[in-house]
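For clarity, every value in this text was computed on a predicted model and none was experimentally measured. Chain letters run A, B, ... following the sequence lines, proteins first and then strands; every chain starts at 1.
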There are 2 protein chains.
Amino acid sequence: MTLSNHIPLETVHEVRDTCLCLAVQRAARVLARRFDRAFQPFGLTNGQFSLMMALNGPRSPTVGQLAIFLAMDRTTLTAALKSLERRSLVTSETDEKDRRNRRLQITDAGRALLLAALPVWRSEHAALDAELGGDRPDQLRTGLRALAEGGNAP
Amino acid sequence: MTLSNHIPLETVHEVRDTCLCLAVQRAARVLARRFDRAFQPFGLTNGQFSLMMALNGPRSPTVGQLAIFLAMDRTTLTAALKSLERRSLVTSETDEKDRRNRRLQITDAGRALLLAALPVWRSEHAALDAELGGDRPDQLRTGLRALAEGGNAP
DNA sequence: TCATATTGAGTTGATATCAACTTAATTACA
DNA sequence: TGTAATTAAGTTGATATCAACTCAATATGA
């Protein structure tokens, strides 16, 4: 190691201890694994659960609208939808008012699967809240919302 | 839509507003994009920046140790290392004391690239801290650490 | 109306993610 | 010592992620 381009340990620790990007990626991996495993008996991932839940609103969202809601790149969503459509859990149809739009719907089978997974989400999430304890869950929700809203336009 | 398996809007909103997993995934995507773009001039992603920074400690970590630190699956890390080794930013060698272990090192070229990217990390992160304002950055760090420590064993 | 700009969505290519499984080295204990 | 259990790491296959680019439909303005 040349001294000329050495990086002081202080700096290494600064990044490790303060970088919100690193902290969020770590937490995201831990929670993704945790909920993926919880939903595994239903053949769902945490992302598929969130996606399908978002299709239960009063309006049929477009790909773009759903991508913004999930703070996800549109093209990532296109790929994710492919496997859900293949499994007939979600369908889509061209919006006849504006044929550029694709309106997404959850199917009865999708809704049934989601309903079956819901109690698992509730208990897993209650356990998580309890583990964090006190104000932390709400503080996290507030902070994470601010992070996501700070730039959910891919 | 059959009424028999309808999901009440209340439930949809409950998941949308309280699910920490969804909130973390959203924030993770937003921050990953933000830092990926900031590091783009250096040909680095946020993950590569964090990974390489972690190789600047006093000890040469093994694949497994680094995976635990990043709360990442070991096999994901194997794949990530492949492209960094191909670019000669990172090297590895078998630990002769225990030949199952692979010890990872950052190269001079890797350290130079990291040093060049460091000011960008500092300014981007300072901007982020400022956008969040007040206690939020520290509250987030505390909460995210608790989330990650709650289960960083893949 | 017609040409241009804008918008919504998809494809391609690269990397990221993890489960399930395999291989190799070491440790434990009979 | 020798065999079984454990540990570290890798491979394969599926999905996730996004940048760069393309295509089609709609909107805008001369």
Quick one: CZ on A/Arg26 to CG on A/Leu31, what's the gap to the nearest 0.5 Å? 13.5 Å

Please say whether more than 12 non-hydrogen atoms of neighbouring residues, nucleotides or ligands are located less than 6.0 Å from CZ in A/Arg87. yes

dist B/Gln139:CD -> B/Arg136:CZ (nearest 0.5 Å) comes out at 8.0 Å

Of the listed nucleotides C/dC18, D/dT26, C/dA25, the one nearest the side chain of A/Asp98: D/dT26

Write down the distance between CE (B/Met72) and P (C/dA16), rounded to a whole number of angstrom. 8 Å

Check: A/Leu104 main-chain N/O paired with A/Ser60 side-chain donor or acceptor under 3.5 Å: yes

Check every atom of C/dA9, C/dT17, D/dA16 against the side chain of A/Thr45 and return the nucleotide holding the closest atom. D/dA16

Quick check on DNA chain C: between B/Ser83 and B/Glu96, whose nearest nucleotide comes earlier from the 5' end? B/Ser83

Respond yes when some side-chain nitrogen or oxygen of B/Lys82 is under 4.0 Å from OP1 or OP2 of D/dT11, and no when none is. yes

In whole angstrom, what separates A/Leu81's CG from D/dT15's C1'? 13 Å

Between D/dA9, C/dA16, C/dG10, spot the one nearest the side chain of B/Thr76, thanks. C/dA16

Pair A/Glu85-A/Thr91, side-chain donor/acceptor within less than 3.5 Å: no

Does a side chain donor of either A/Ser92 or A/Arg102 reach within less than 3.5 Å of an acceptor in the other side chain? yes

Under 4.0 Å between any heavy atoms, over every strand shown, what does B/Arg86 touch: base, sugar-phosphate, or nothing? Just pick one. sugar-phosphate

Send over the distance from A/Leu77 CG to D/dA16 P, rounded to a whole Å. 10 Å

Gap between atoms CZ and P, on A/Phe35 and C/dC18 respectively (whole Å): 15 Å

Toward the 5' end of DNA chain D, by each residue's nearest nucleotide, B/Val63 or B/Gln25: B/Val63

C/dT27 P sits how many Å from B/Lys97 NZ, rounded? 13 Å

Could you tell me how far apart A/Asp73 (CG) and D/dA20 (P) are, to the nearest whole angstrom? 11 Å

Roughly how many Å is it from CG in B/Asn101 to P in D/dT7, rounded to a whole number? 13 Å

Please confirm whether any donor atom in the side chain of A/Arg100 sits under 3.5 Å from an acceptor in the base of C/dA9, or the reverse. no

Report yes if at least one side-chain N or O of B/Arg74 is closer than 4.0 Å to OP1 or OP2 of C/dC18; otherwise report no. no

Please confirm whether the shortest side-chain N or O distance from B/Arg37 to OP1 or OP2 of D/dA19 is below 4.0 Å. yes

Assuming nearest nucleotide by heavy-atom distance, tell me which of A/Gly47 and B/Gly64 is located more 5' along DNA chain D. B/Gly64

Taking only N and O in the side chain of A/Thr62, is any of them less than 4.0 Å away from OP1 or OP2 of C/dA9? yes

Side chain of B/Arg99 (C-beta onward), nearest among C/dA25, C/dA19, C/dT11: C/dA25

Would you say B/Gln40 reaches D/dA20's phosphate, i.e. side-chain N/O to OP1/OP2 under 4.0 Å? yes

Heavy-atom nearest nucleotide on DNA chain C for A/Arg102 versus A/Ala32: which residue maps closer to 5'? A/Arg102

Can you identify which nucleotide, out of D/dA16, C/dG10, C/dA19, has its nearest atom closest to the A/Thr78 side chain? C/dG10

To the nearest Å, give me how far apart CZ (B/Arg33) and P (D/dA20) are. 14 Å

